[in-house]
Amino acid sequence: MIKVYHGYGHTHNLVVYGHVFKNKPVIRKKYTNNVLLNIIHLLRLFFVKPFPHVALRLQWEGTTQYTTSERDGFFKFEWESHKELTKGWHPVTVEQLGTNGQVLASSQGQVYIPYSTQFILVSDIDDTVMVSHSATVFRRLRELLIKNPRTRRQFQDLSDYYQRLALARTHADMPNPFFYVSSSEWNLYEYLREFFNYNRLPRGIFLLSQVKRLFQLLLTGKTKHEGKLMRIARILHVFPNQQFILLGDNTQRDPMIYTTIAQKFPGRIFAIYIRCVRPERRAMAASLLAAVEPLGIHTCLFEHTAEARQHSQKIGLIN
């Protein structure tokens, strides 16, 4: 089974990610409040068997690229288009090749070419968009296990605020792109997509963390500081002409990651928003944000979404 995630880029720099599994990942079609069924479905997402060292071929509008899946089944294609690309979503095909070059399996994905808007938005997910209790392993697991993507709770007024940000200084035909960069694992890709679709959050590109197996379930949502920083840095490199708005929370390391990014990429970060979920860490987050304000970056440490929306209105970002 080849799983192709949404890719992104522009004519001269395109990337798409995916995994090859020995078993077919579960894609849930029916949802229920039955706790036992929710637990079973969640556990099945971590019952994956990565397929390493598989020969793969990408087919894209006359372009062909080759790669091999890594030890954990992960693969990445990077390439350049031979022609100027229109904005929006483009189909891409990834094929598994046999020893004689025959196609053993095939899967389609999509690559997003953003419009030339002023802003690109990068948002965390857990405890920024979705109530997850990430700071406590067992509370996070409880949310994952007993609920499903349609019963998980987003923060109040969050969908409306993000839809407004998608139209910040642009219009409906040219929305600002969203990148959802999270410590959640690729196991939860379809789970998160369903949550975002159901809650009418802006469609975007998910950049998640390394796949975990069932025996690693207690480590869900835990990733290294450098991994998230590098994923955001790559987006900044791919889109050098846009200003970035970073949205996160203070349950883990978003304040440190975002302010480090701001210092490494001077003049590229327009605003940083941090949701204060853990009051005991408020002073630390405030200190980090204050340190980058002299760089001309708008910062907002908020508890309720309404505060962030008011700040965005005050600085002329949204109406």
Side-chain angles (χ1 to χ4, degrees), residues 114-115 117-135 149-150 152-182 192-193 195-206 232 235 242-259 261-262 268-279 281-293 295-319:
Y115 297 90
T117 53
Q118 183 176 353
F119 298 113
I120 286 179
L121 297 115
V122 175
S123 174
D124 183 44
I125 298 175
D126 292 309
D127 290 318
T128 300
V129 176
M130 175 192 291
V131 178
S132 302
H133 307 291
S134 298
R150 296 185 178 185
R152 292 293 298 273
R153 187 162 57 92
Q154 67 168 318
F155 285 95
Q156 186 175 4
D157 302 324
L158 198 282
S159 177
D160 176 72
Y161 177 50
Y162 271 36
Q163 293 290 357
R164 288 171 182 245
L165 289 177
L167 299 179
R169 300 185 187 176
T170 184
H171 50 81
D173 294 332
M174 297 177 61
N176 296 308
F178 263 90
F179 287 82
Y180 299 108
V181 184
S182 173
L192 292 172
R193 284 185 64 194
F195 171 84
F196 275 72
N197 291 337
Y198 185 75
N199 287 284
R200 299 180 181 178
L201 287 152
R203 186 180 183 186
I205 308 298
F206 290 90
I232 298 173
I235 306 170
Q242 280 89 354
Q243 291 272 293
F244 278 67
I245 299 170
L246 310 179
L247 302 108
D249 61 84
N250 72 338
T251 59
Q252 296 189 48
R253 298 196 174 188
D254 285 350
M256 183 183 297
I257 294 170
Y258 290 177
T259 53
I261 286 285
R268 300 294 313 283
I269 309 303
F270 179 82
I272 299 175
Y273 288 85
I274 298 293
R275 184 184 295 278
C276 183
V277 180
R278 300 185 66 181
R281 292 189 174 186
R282 186 181 186 95
M284 181 184 296
S287 176
L288 287 167
L289 293 177
V292 298
E293 285 179 351
L295 301 176
I297 298 170
H298 300 283
T299 69
C300 179
L301 181 61
F302 65 98
E303 183 177 349
H304 303 289
T305 305
E307 300 169 54
R309 185 179 66 246
Q310 290 166 8
H311 178 272
S312 296
Q313 291 170 333
K314 181 180 178 181
I315 63 176
L317 189 60
I318 62 175
N319 295 324

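Please read these numbers as outputs of a predicted model, since none were measured by experiment.
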Measure centre to centre between the rings of [X] and [Y], then say whether the value is under 6.0 Å.
X	Y	value
F244	F119	no
H298	Y273	no
Y161	F155	no

Side chain to side chain donor-acceptor pair (under 3.5 Å) assessment of T251 paired with R281: CA-CA 8 Å; T251 59; R281 292 189 174 186; over 6 Å; no
Counting distance only, does the side-chain N/O of [X] pair as donor-acceptor with the main-chain N or O of [Y] below 3.5 Å?
X	Y	result
R152	V131	yes
S287	A283	no
N250	R278	yes
R268	Q242	yes
H311	T299	yes
Y198	P149	no
Q313	N319	yes
Q163	D160	no

Could you grab the distance from atom [atom1] of [X] to atom [atom2] of [Y], nearest 0.5 Å is fine?
X	Y	atom1	atom2	result
L201	M130	CG	CE	9.0 Å
L301	M284	CG	CE	12.5 Å
R169	F270	CZ	CZ	4.5 Å
I261	I232	CD1	CD1	5.5 Å
R164	D157	CZ	CG	9.5 Å
K314	C300	NZ	SG	9.5 Å

Within 45° cone of F206 ring axis and under 6.0 Å: R193 NZ or CZ: no
Closest non-hydrogen atom pair, [X] against [Y]:
X	Y	value
S312	L165	OG-CD2, 4.2 Å
C276	P279	SG-CA, 4.1 Å
G248	Y258	N-CE1, 3.5 Å
S123	Y162	OG-OH, 2.7 Å
A262	I272	CB-CD1, 4.3 Å

Side-chain heavy atoms of L167 within contact of N176, under 4.5 Å: no
pair V181-I205: side-chain heavy atoms closer than 4.5 Å: no
Neighbour count >12 (heavy atoms, 6.0 Å) for atom CD, Q156: no
Over 12 foreign heavy atoms within 6.0 Å of CZ, R150: yes
Member of T305, T128, D249 meeting the side chain to side chain donor-acceptor pair (under 3.5 Å) criterion with R275: T305
Decide whether [X] and [Y] meet the rule of one side-chain donor and one side-chain acceptor closer than 3.5 Å.
X	Y	result
T170	Y115	no
D127	S132	no
N199	S159	no

Qualifying residue for side chain to side chain contact (heavy atoms under 4.5 Å, CB included) with V129, from D124, L158, L192, L247: L158
Candidate list V122, I120, L121, test side chain to side chain contact (heavy atoms under 4.5 Å, CB included), partner I245, passing option: L121
